[in-house]
Structures are given as structure tokens and as C-alpha cells.
Amino acid sequence: MNIWIVSREYAGIAEAGGVKNVACSLSESLVSLGHKVTLFIPLYACTDLSLVKNYSCLWHEPVKFKISQTVQSFAYSHGVMNGVDFVFIGHKKFSEKKGVYTYTREDELENANHIHGHGHEDVNFLNTIFQKAVVCYGETCKKEDAPDIIHCQDATAALVPTYMHYKMQIDLQAKSFFSKTKCFVTIHNAGPGYHHSFANVDEAIYYTALPASILSEGICNRKVEPFLLAAKDSVLTTVSPEYANEILSGKVDTDGLSEMFRERNVKIYGITNGIDYSRYDPADTKKSSLPFAFNPIQKNFDGKFKCREYLLNKYCYKQGLHSETISVEENLTSFGHLNPSAEKCVYFVFHGRVVVQKGLDVLIDACKIVLEKSIPAKFILFGQGDVKIEEKLSLLTKDFNGSVVYLRGYSKELSRLCIASADFSLHPSYFEPCGLEDFIAQIYGTIPVAHATGGLCKIVNEKTGFLYKPNEANILSELIEKLCNDYLSNQEKYLNLASYASLYVKENYNWKLITENKYLKLYKNEEV
């Protein structure tokens, strides 16, 4: 099959959230199964082309179309990485963006109104030009190059099917080119703030130039919702069966989408994301980016504990006369420290986006309860995001000096090191469509402790990790205390569990297996 994947991010090229991993792994696994894959993505200022081969910036004919009452011109460049063809969509608004979706600290220094971590103010314009440029690209291709499948990743690409079907109504060339194309849209996050909706029909008309008769079918609470429009012209999927159930049943807040989906009898197919074990393999430091190798599957944890000592010595112990808040690397700031302990203690880690969804308030209160009881636990917190939550995390390090360290910023290598160094990883998300951090933790022999929601329910309780509910601080703190005491009295039991969990993920969540047994069957209209 000829398959187009449409995504605003992609691992190794332009990274932001979990969408990058799905776009990358799905594309590469489809190629490995013999299919032709073309990945459409904007060309940002932050785009990394270092691994892209045969890059050509003067490629394909440019296109023009009207948006926001002005005519915009677009160029297409091309390259190949790991067998996947890339079409980079070039426009000056993308080429000035240093972050995929949000402003960077550098942006804020240049313009105080561009606050770090906040979404781009021209987001509607960016999404519209990206999606329209994908459809217009097709109109300039030969008919034999028409895709069998267009698979759009999340709300930023969800309007591609709508644009495509509208163009087929008014343009014979588009109708001919896309006549046999089937569209799929994957919902990665249906929570409030992730819909990329238009405020009202007038705003949607202004950006999209689509008629009100079409846009009105996407109205929910006065907003025009891309996911609702996508439900009419494509097959909807999401990233775990449990999250599909939560969306359709209204168990999670979707800002009205759940009710609209139920009213229209929309079906959402839940397909749990896989993970490419080889990209993280702790037995190979070139792949894992860890300083020491180890193999949880073979119950070889020596390198894991060496990684911990490396992390503690370099990032967590108080160094000399440093203040409690120090810039340890570019774009990385440390708050608090861990005291070296002669007694045995258990290490817990949180890594992820510092946003409300991730349940940081539950985590902070649980930490307080545990540490006020003098439980021998150490907490390593790593991530960035909401400034107010970052401040709460930094205050926690002051309240429990020596037991909590918070590393603010992002580094792929350091994030992996933090996860690999801990005994347990904490995932107190209020909702989690799929979850990737629990997978990575299991690969590194770190046992996940998670709120039983969405994709986190793929953890097999007490066999590959631990689940708890409801998502309350006292419930989480009780579990942390129990695990801490039990681990110290029977470490071997937990190392065996960690070994099994690592093998379980490797054998059951291989991307090639999931692509062949789930996505390809869905593409072919077979039951999944």
C-alpha cells in the first residue's frame, strides 16, 4: 500500500510529545512490512535534518492557496530516513518556530509576550496551512502516486480529511486523485486544551475558507472541533482500548466531545501504542544513551546501580558551596539535593511534562505524607512546563531538603538516566491516553506505579507494575510506603518483577507486531 502519515512532529526530526514516537515507529514498521510511506511534516527552525539522507530543498512544484484572506505560497522539500520518505512543508511562519507547538526560553528573551511553554499565538494559522498544504500537494502529483491511506496524527492534522473531501466536491482533479483514498485520524489526547478547535464558525471560516455548511457539523459548545469533523470523513482511532472506552463513556473530561460522539454513534478504535525496544536497549549504551550497560531481562542490574551513582554524584548531591538552585547545564536547572545516605533507601522518579494532566499535585502531596513519616524514600523529579507547578516542585525540595531533587528542563539523555536510575517510577496522571514513560521505565528495570486510567491500565498489576485508584495523595502515599518497606526487606522479589516486566514489554508491544495485527487490519477494513 501507499500510505501517507501526517504529523506535526516526528522522533529525531522535530520532537515535542508522544505523537513523535507513534509517527516514527508506525512509519518505520510499515516500511519494514513492505509498504511505501510518505511522512508530511512542517519545516521548523528547530527541525533536525542531520539523519535525513538525500535532502533536497528544491523539490516538487510549489503551491499557492488562500488563507486568512491572503494568498500564501508553499514550498516542498524532500529527504529519506530509515526508508521513510519525508515531505517537508516550507513556509516562513514555520521556519521561524524554535519549538514545535510552544515558545522556547529563547523566544521569551527575544519577545516578552512569547512566554516559554505557552502555545504559539498563530496556532490556527499554522495548523491550517500545514493541513491544506498536504491536500494541495496531492493535487500536483501524478494519479499513480495517489495514497491508499492517509493517516493523520492528532488534532493538528485532523482536518486533512475534511479539506480533502471538500476539494473532491469542487475540483475534478482532486476527485480523481483521491478517489480511492481512505482516511484515518488518531486521537492522541481528547482532553481540554488539546483539541486545536476554532472559537466559533466565523473564526473557522476565516482560517479554513470552508463553507459554514461543512463547519457547522463540527460545532460543540459553540467551538468548531476538528475531531468532530474528522469523525464524518474518516475512521477515528485512539492510542489504547481503555482510553477509547473512557472517551465514549464520558469517564474523562473531553470538553463536550464525548457527548457529541455518543449522540452521533461514532466508533473509536483503541489500539495500544507499541515501543521499539531497540531504541532504548539498556544492554547497548549507544542506543540507550546511558553511561553504563545492563540487562534487566537477564537479571543483570549492576550497570543500573552504576547509572544511579553517576546520576547522584553529577546531578543530585550538593556540590561544594552551590546554592539550592543551580544551573547545572544549558537549559537545565537543579532545585534542592539528595543527602548521601549510609542507610538503605528506595528511589522514586517522576519524569514527564509538568502540566495539570500529569497529577503533579497528587504527587507533591503524596511526597509530603511519605517524607513526614521519615520513610526511607528519595524522590527525583524531572521535567518542565507549567511555571506555577514548577514553583510548587521547587518549594517541595526546600521543605524536604536532602530527600527531593527537582531537575527543571529537558534532555533525552538525562531523562533516560533518571528513569533507569530509580527503583520505581511514578505516574499519577489524571488521564493518560496511552503512556510511554511506563514502557521506558519497564525496559530499564524500573517498576511503574500508576493511577489506573487510560493507557496506563496496560500495566499488569503486581506483575509488571502497580496500579492504584482513586487518584488521591493518601492512596498513592500508602502504596509508596508499602512498596518502600517491602522493597527493602525483599529486594530480590522486585528485581524479579522488574526483569519480567522488561521482557513482557519487549515481547508484547513490538511495533511491527502491532502494526501488522492492528493498523494494517484496520486499513484493510478487517476487525481489530
**Report entry** Mutual orientation of the aromatic rings belonging to Y137 and F40 [parallel < 30°, tilted 30-60°, perpendicular > 60°]
**Finding:** perpendicular

Requested in this report: Classify the angle between the aromatic ring planes of Y243 and F431 as parallel (below 30°), tilted (30 to 60°) or perpendicular (above 60°).
Outcome: parallel

Query raised in the report: Between D281 and K287, does a salt bridge (Lys or Arg N to Asp or Glu O under 4.0 Å) hold up when you go through it step by step?
Result: CA-CA 6 Å; D281 188 357; K287 294 179 178 178; 5.4 Å; no

Residue of the set [options] for which side-chain hydrogen bond (donor to acceptor under 3.5 Å, both in side chains) holds with [X]:
X    : options          : result
H351 : E437, R416, K358 : E437
N189 : Q357, E432, H195 : Q357
K458 : T272, N508, D438 : D438
H196 : D154, N124, N127 : N127

Whether [X] side chain and [Y] backbone form a donor-acceptor pair below 3.5 Å:
X    : Y    : answer
T47  : L43  : no
S288 : D284 : yes
D171 : A174 : yes
N200 : D202 : yes
D148 : N2   : yes
T515 : L26  : no
Y44  : R8   : yes
T186 : Q153 : no
E246 : G454 : yes

On a heavy-atom basis, which atom in [X] and which in [Y] lie closest, and how many Å separate them?
X    : Y    : value
I380 : C418 : CG2-SG, 4.1 Å
T237 : I268 : C-CG2, 3.9 Å
A112 : I115 : O-CG1, 3.8 Å
C220 : M260 : SG-CG, 3.7 Å

Requested in this report: Drop me the distance from K20's NZ to L436's CG, to the nearest 0.5 angstrom.
Outcome: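 One finds 7.0 Å between NZ of K20 and CG of L436.
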
**Report entry** Partner of Y406 by ring pair (Phe, Tyr, Trp, His ring centres under 6.0 Å), out of Y315, F335, F382
**Finding:** F335

[X] atom [atom1]: more than 12 heavy-atom contacts under 6.0 Å:
X    : atom1 : result
R262 : CZ    : yes
K182 : NZ    : yes
I170 : CD1   : yes

**Report entry** Intermediate values then yes/no, ring-ring contact (aromatic ring centres under 6.0 Å, His included), H78 and F86
**Finding:** CA-CA 5 Å; H78 177 262; F86 284 82; 8.7 Å; no

Requested in this report: Report the C-alpha distance between Y523 and H151 in whole Å, list the side-chain angles of each, state the deciding distance to 0.1 Å, and finish with yes or no for side-chain hydrogen bond (donor to acceptor under 3.5 Å, both in side chains).
Outcome: CA-CA 9 Å; Y523 292 163; H151 193 158; 2.7 Å; yes

Query raised in the report: Would you say Y10 and V84 make side-chain contact, with heavy atoms under 4.5 Å?
Result: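 Of all side-chain heavy-atom pairs linking V84 with Y10, at least one is under 4.5 Å.
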
**Report entry** Audit row: Y76, C136, side chain to side chain contact (heavy atoms under 4.5 Å, CB included) steps and yes/no
**Finding:** CA-CA 11 Å; Y76 301 97; C136 288; 4.2 Å; yes

Query raised in the report: Centre of Y269's six-membered ring, under 6.0 Å away, within 45 degrees of the axis: is that where NZ or CZ of K518 sits?
Result: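 Pair K518/Y269 does not count as cation-pi.
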
Query raised in the report: Under the ring-ring contact (aromatic ring centres under 6.0 Å, His included) criterion, do F74 and H91 qualify, and how do the steps go?
Result: CA-CA 6 Å; F74 300 85; H91 186 275; 5.0 Å; yes

**Report entry** Lys/Arg N to Asp/Glu carboxylate O, D386 vs K392, below 4.0 Å
**Finding:** no

